[in-house]
Amino acid sequence: MLSRLLPGGVAVVECRSDPPQAELYPQEAALVRNAVEKRRKEFTTVRHCARRALSRLGLPHAPVLPDRHGAPCWPPMLVGSLTHCDGYRAAALAHATELRMLGIDAEPHVPLPDGVLDAIARPAERSWIRSAPPGTHWDRLLFSAKESVYKAWYPYTGQRLEFTEAEVRFHPSGVFTARLMPRRSAPAPDRGQAPDLSGRWLVGDGLAFTAIAVAGSVDAQQAP
Ligand SMILES: CC(C)(COP(=O)(O)OP(=O)(O)OC[C@H]1O[C@@H](n2cnc3c(N)ncnc32)[C@H](O)[C@@H]1OP(=O)(O)O)[C@@H](O)C(=O)NCCC(=O)NCCS
């Protein structure tokens, strides 16, 4: 599903179940040694997906360890993103010579729990959702789009972003745009004003998917 939202050069690997042969490197296993089984499984399977994605790019397998804010750390000159929810795990990886930013997210296609929309949405987003075309849980898609924005933005800039620091507009054709309004000035390779990001969305198989891929290269000095 997610591969339909991303350019051809992106290696996307998805899993609907947890393959018994999926294994962790010792450094990875140490991070989930005391975690509940659900967390261990999603963590292990999504890394299995990541290693298959590395293979598709012709690269050797490597541990996928988190940075201090949880972002996955990739081998040099790669950009990538991970997501997992009940019954679904996915990894997307690309050469940093092709993409500067990459973020993916999958969510169950059900309404958000009470109170969450108010916490994550800006007034214009809430207003649009009230009159949006029926049949789609736009509140859940909004949440997913903001997660994709964050997963694309943070690894590139090293900057965290609150939910209300991005304003998302959906187009029923399957595209969305996100206007970023970070409170801190971006210590980003780009400097200057935060760019608008554009992404794609899709609902299918009971899940809501969003993805952002920004073309352009991260040069070796800028790569995190
Ligand atoms: C980190 C976060 C984005 C994860 O999203 P989620 O929908 O809860 O969970 P998903 O299963 O889709 O994704 C989890 C993966 O995200 C990745 N991730 C975690 N922190 C990340 C970060 N700072 N940057 C990029 N990716 C990150 C990790 O690979 C993680 O999987 P892992 O822990 O097994 O390695 C979310 O929990 C969070 O903290 N959000 C707050 C910030 C935010 O979203 N702001 C919105 C700005 S508009």
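- In the hydrophobic clustering of this structure, Y150 groups with L180; members are Ile, Leu, Val, Met, Phe, Trp, Tyr whose side-chain heavy atoms approach within less than 4.5 Å, directly or through other members.
- Distance alone, capped at 3.5 Å, is enough to place a donor-acceptor pair between the R47 side chain and the V64 backbone.
- L65 and V32 fall within the same hydrophobic cluster, where Ile, Leu, Val, Met, Phe, Trp and Tyr residues are linked whenever their side-chain heavy atoms come under 4.5 Å apart, directly or through other members.
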message = salt bridge (charged side-chain N to carboxylate O under 4.0 Å, His left out), that's the test. Do D205 and R16 meet it? Break it down for me.
response = CA-CA 11 Å; D205 293 346; R16 292 281 176 174; 3.2 Å; yes
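- Here H137 contributes atom NE2 and H109 contributes atom NE2; the two are 4.5 Å apart, rounded to the nearest 0.5 Å.
- At least one donor-acceptor pair under 3.5 Å links the side chain of R51 to the backbone N or O of A62.
- W201 contributes a side-chain N or O that, together with a main-chain N or O of H171, makes up a donor-acceptor pair within less than 3.5 Å.
- Y88 is listed as a side-chain neighbour of E14, based on a closest heavy-atom distance under 4.5 Å.
- The closest side-chain heavy-atom distance from V79 to P155 is not below 4.5 Å.
- Put simply, the side chain of T44 does not reach to within 4.5 Å of the side chain of R89, judged on heavy atoms.
- No donor-acceptor pair closer than 3.5 Å links the side chain of R200 to the backbone N or O of V175.
- Cluster annotation: F176 is connected to L161 through the hydrophobic network of ILVMFWY side chains, with a link wherever side-chain heavy atoms come within less than 4.5 Å.
- At a threshold of 4.5 Å between non-hydrogen side-chain atoms, the residues D196 and T177 do not count as touching.
- I104 is not listed as a side-chain neighbour of L5, based on a closest heavy-atom distance of 4.5 Å or more.
- A donor atom on one side chain and an acceptor atom on the other are found under 3.5 Å apart for T45 and D18.
- With ring centers used as reference points, F170 lies under 6.0 Å from W138.
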query = Taking it one step at a time, do E147 and K151 satisfy salt bridge (charged side-chain N to carboxylate O under 4.0 Å, His left out)?
reply = CA-CA 6 Å; E147 298 285 53; K151 291 179 190 177; over 6 Å; no
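- P19 is listed as a side-chain neighbour of H48, based on a closest heavy-atom distance under 4.5 Å.
- Side-chain atoms of Q27 never come within 3.5 Å of backbone atoms of P63 as a donor-acceptor pair (strictly under, hydrogens ignored).
- Hydrophobic clustering, with ILVMFWY side chains joined whenever heavy atoms are under 4.5 angstrom apart, keeps L82 apart from V13.
- Of the possible donor and acceptor atoms, one in the side chain of S148 sits under 3.5 Å from a partner among the backbone N and O of D105.
- With E125 as reference, K146 is the one residue of K146, R130, R169 to meet the side-chain hydrogen bond (donor to acceptor under 3.5 Å, both in side chains) rule.
- Contact annotation: the side chain of Y154 approaches that of D67 to within less than 4.5 Å [non-hydrogen atoms, C-beta and beyond].
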request  = Evaluate the side chain to side chain contact (heavy atoms under 4.5 Å, CB included) criterion for residues T210 and V149: first the C-alpha distance (whole Å), next the side-chain angles of each, then the deciding distance (0.1 Å), finally the verdict.
outcome  = CA-CA 9 Å; T210 57; V149 165; over 6 Å; no
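- Annotation: side chain of L2 is in contact with side chain of T83 (closest heavy-atom distance under 4.5 Å).
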